[in-house]
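Worksheet: one structure, shown below.
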Amino acid sequence: MRNLALGTVAVGAAGLGYAAGIERRHWTLRTEEIPVLAPGSRPIKVLHISDLHMLPGQRSKQQWVAALSELKPDLVVNTGDNLAHRQAVPSVLRALNPLLEVPGVFVFGSNDYYGPKPKNPARYLMPKGRKKLIHGLHLPWRDLRAALIEHGWLDLTHVRRTVDVAGQQVFAAGVDDPHLHRDRYADIAGQADREAALRIGVTHSPEPRVLDPFAADGYDLVFAGHTHGGQLRIPGYGALVTNCALDRSRARGLSRWGANMWLHVSAGLGTSPYAPVRFACPPEASLLTLVARDEQPPRHQKATRRKARTDVR
């Protein structure tokens, strides 16, 4: 029994060491093809970035994200939680700088508005309805917002906009963070523009109460983050939790929402500094190639690692 106990402790320690020391820096690019455009349309490449949770010293993350510009996306979608420190705005901009030359849209999440705080790890496994929101210090989200807008990215918080993407008109709308109950879908309610080549919705947390009206209003594709893909996944079982009302099977990647809308949830690129672990769920960005509906069905999602140097703390 003693040997069994010691073995269990050793395996647990090794797993924690891997989750905290290796996998959370295993930067990964996930790719998908989504048949969402009208027949005959030219493909559109969308880079989805979410949940950077940036600290000033995370150099390898900054370098890896900056190198994503080599993919030459037509549009960047950022679904929030960029910050994890009051001095992280320059670090986020350093990471995003090469991508700011590309058309982009964004909304913010709770960890753009408030800094992280130490929490009981057991809260991670509690049902969402029993959790009390704990806010940290106010973060300089206004500075980040001003910089992104200055570079031409559109803040979609409770607005509807048309964006020229690779010569095609994309109709886009977004809401503030549903995790903080700041969403006001009524501000953007109404049928999406049927003349546009594509209709996208953007939200930080993929709450069904927001996804349902997006689908009812005729959006083709909604982007979200927040879940971290579950952050801790069990092979063969999947995410333990999603930290929202979304079911576990949709914690990351592509799925259908209703008959006509796609949902893409990014597993994100960071973690809270007070829970710096990932297991069976490496940090990721996603390159989505949107193709015409008369082309081949979506390929099975692929994830690849793009090399980066170790973080400097």
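- Here the CG-CD distance, from Leu52 to Gln62, works out to 9.5 Å after rounding to the nearest 0.5 Å.
- Atoms OG and CH2, from Ser60 and Trp27 in turn, are 5.0 Å apart once rounded to the nearest 0.5 Å.
- To the nearest 0.5 Å, atoms CZ (Arg199) and CD (Gln191) are separated by 10.0 Å.
- Placement of Phe106 and Leu144 within a single hydrophobic cluster is found when ILVMFWY residues are connected by side-chain heavy-atom separations under 4.5 Å, directly or transitively.
- A heavy-atom distance below 4.5 Å is found between the side chains of Gln168 and Arg42.
- Hydrophobic cluster membership differs between Val265 and Ile49, with clusters built from Ile, Leu, Val, Met, Phe, Trp and Tyr side chains linked at under 4.5 angstrom.
- For residues 141-161, the pairs satisfying ring pair (Phe, Tyr, Trp, His ring centres under 6.0 Å) are Tyr113-Trp141, with sequence neighbours left out.
- Other residues, nucleotides and ligands place no more than 12 heavy atoms under 6.0 Å from the CD atom of Gln87.
- Contact annotation: the side chain of Leu75 approaches that of Ile200 to within less than 4.5 Å [non-hydrogen atoms, C-beta and beyond].
- A cation-pi arrangement is found for Arg248 relative to Tyr237, the charged atom lying closer than 6.0 Å to the ring centre and inside a 45° cone about the ring normal.
- Here the side chain of Gln58 pairs a donor or acceptor atom with the backbone of Leu55 at under 3.5 angstrom.
- The only option from Asp177, Asp81, Thr79 that meets the side chain to side chain donor-acceptor pair (under 3.5 Å) definition with His204 turns out to be Asp81.
- Residues Leu254 and Trp262 are in side-chain contact: their nearest non-hydrogen atoms beyond the backbone lie under 4.5 Å apart.
- A 6.0 Å sphere centred on CZ of Arg94 holds more than 12 heavy atoms belonging to other residues, nucleotides or ligands.
- Separating the OG atom in Ser266 from the NE2 atom in His48 is a distance of 5.0 Å, to the nearest 0.5 Å.
- Across Thr242 and His226, no two heavy atoms sit closer than the pair O-CD2, 4.2 Å.
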Verdict with reasoning, Thr203 to Asp176, per side-chain contact (heavy atoms from CB on, under 4.5 Å):
CA-CA 7 Å; Thr203 178; Asp176 208 345; over 6 Å; no

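- In this structure, His228 has its ring center under 6.0 Å from that of His53.
- Connection of Phe171 to Val163 is not established within any shared hydrophobic cluster, with ILVMFWY side chains joined at heavy-atom distances below 4.5 Å, either directly or through further cluster members.
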Would you sort out whether Thr271 and Arg278 count as a side-chain contact (heavy atoms from CB on, under 4.5 Å), showing the intermediate values?
CA-CA 8 Å; Thr271 65; Arg278 280 181 177 259; 3.8 Å; yes

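- In this structure the side chain of Ile34 reaches within 4.5 angstrom of the side chain of Leu288, judged on heavy atoms.
- Of all heavy-atom pairs between Gly136 and Tyr114, the closest is O-CD2, 3.8 Å.
- Contact detail for Arg252 and Ala267: the closest heavy-atom pair is CB-CB, 4.1 Å.
- Shown here for Pro73 and Leu99, the closest heavy-atom pair between the two residues is CG-CD2, 4.2 Å.
- Across Gly229 and Ala239, no two heavy atoms sit closer than the pair O-CB, 3.7 Å.
- Note on ring orientation: taking the six-membered ring where Trp is involved, the planes of Tyr185 and Phe214 are perpendicular (angle over 60°, cut-offs 30° and 60°).
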Any chance you could lay out the side-chain contact (heavy atoms from CB on, under 4.5 Å) test for Leu290 and Asp74, step after step, and finish with the verdict?
CA-CA 11 Å; Leu290 311 185; Asp74 300 309; over 6 Å; no

Check against salt bridge (charged side-chain N to carboxylate O under 4.0 Å, His left out), Asp183 and Arg209:
CA-CA 10 Å; Asp183 53 299; Arg209 72 170 186 272; 2.8 Å; yes

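- Contact detail for Ser286 and His264: the closest heavy-atom pair is OG-CE1, 3.2 Å.
- Hydrophobic clustering, with ILVMFWY side chains joined whenever heavy atoms are under 4.5 angstrom apart, keeps Ile188 apart from Val77.
- Within 6.0 Å of CD on Glu195 lie no more than 12 heavy atoms contributed by other residues, nucleotides or ligands.
- At least one side-chain heavy atom of Val277 sits less than 4.5 Å from a side-chain heavy atom of Gln231.
- Side-chain contact between Leu29 and Thr31 is present, with at least one heavy-atom pair separated by less than 4.5 Å.
- Taken to the nearest 0.5 Å, the OG1 atom of Thr28 stands 4.5 Å off from the NE2 atom of His26.
- Put simply, the side chain of Leu211 reaches to within 4.5 Å of the side chain of Leu246, judged on heavy atoms.
- Within the 4.5 Å cutoff, no side-chain heavy atoms of Lys61 are placed close to those of Arg25.
- Side-chain contact check for Ser255 and Arg250: at least one donor-acceptor pair (N or O, by modelled atom type) lies under 3.5 Å.
- No more than 12 heavy atoms of other residues, nucleotides or ligands lie within 6.0 Å of CZ in Arg86, so this atom counts as exposed by the packing criterion.
- Linking Ile, Leu, Val, Met, Phe, Trp and Tyr residues whenever their side-chain heavy atoms come within less than 4.5 Å leaves Val175 and Val107 in two separate clusters.
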side-chain contact (heavy atoms from CB on, under 4.5 Å) for Phe108 and Asn82? Distances and angles first, verdict last.
CA-CA 8 Å; Phe108 284 150; Asn82 297 278; 3.9 Å; yes

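- With a 6.0 Å radius and a threshold of 12 heavy atoms from other residues, nucleotides or ligands, Asp187 has its CG atom above the threshold.
- The only option from Leu47, Val102, Leu96, Leu287 that meets the side chain to side chain contact (heavy atoms under 4.5 Å, CB included) definition with Leu68 turns out to be Leu47.
- Looking at Val46, Val165, Val170, Asp193 one by one, the single match for side chain to side chain contact (heavy atoms under 4.5 Å, CB included) with Leu198 turns out to be Val170.
- Note that OG1 of Thr157 and CZ of Arg184 are 9.5 Å apart. Values are rounded to the nearest 0.5 Å.
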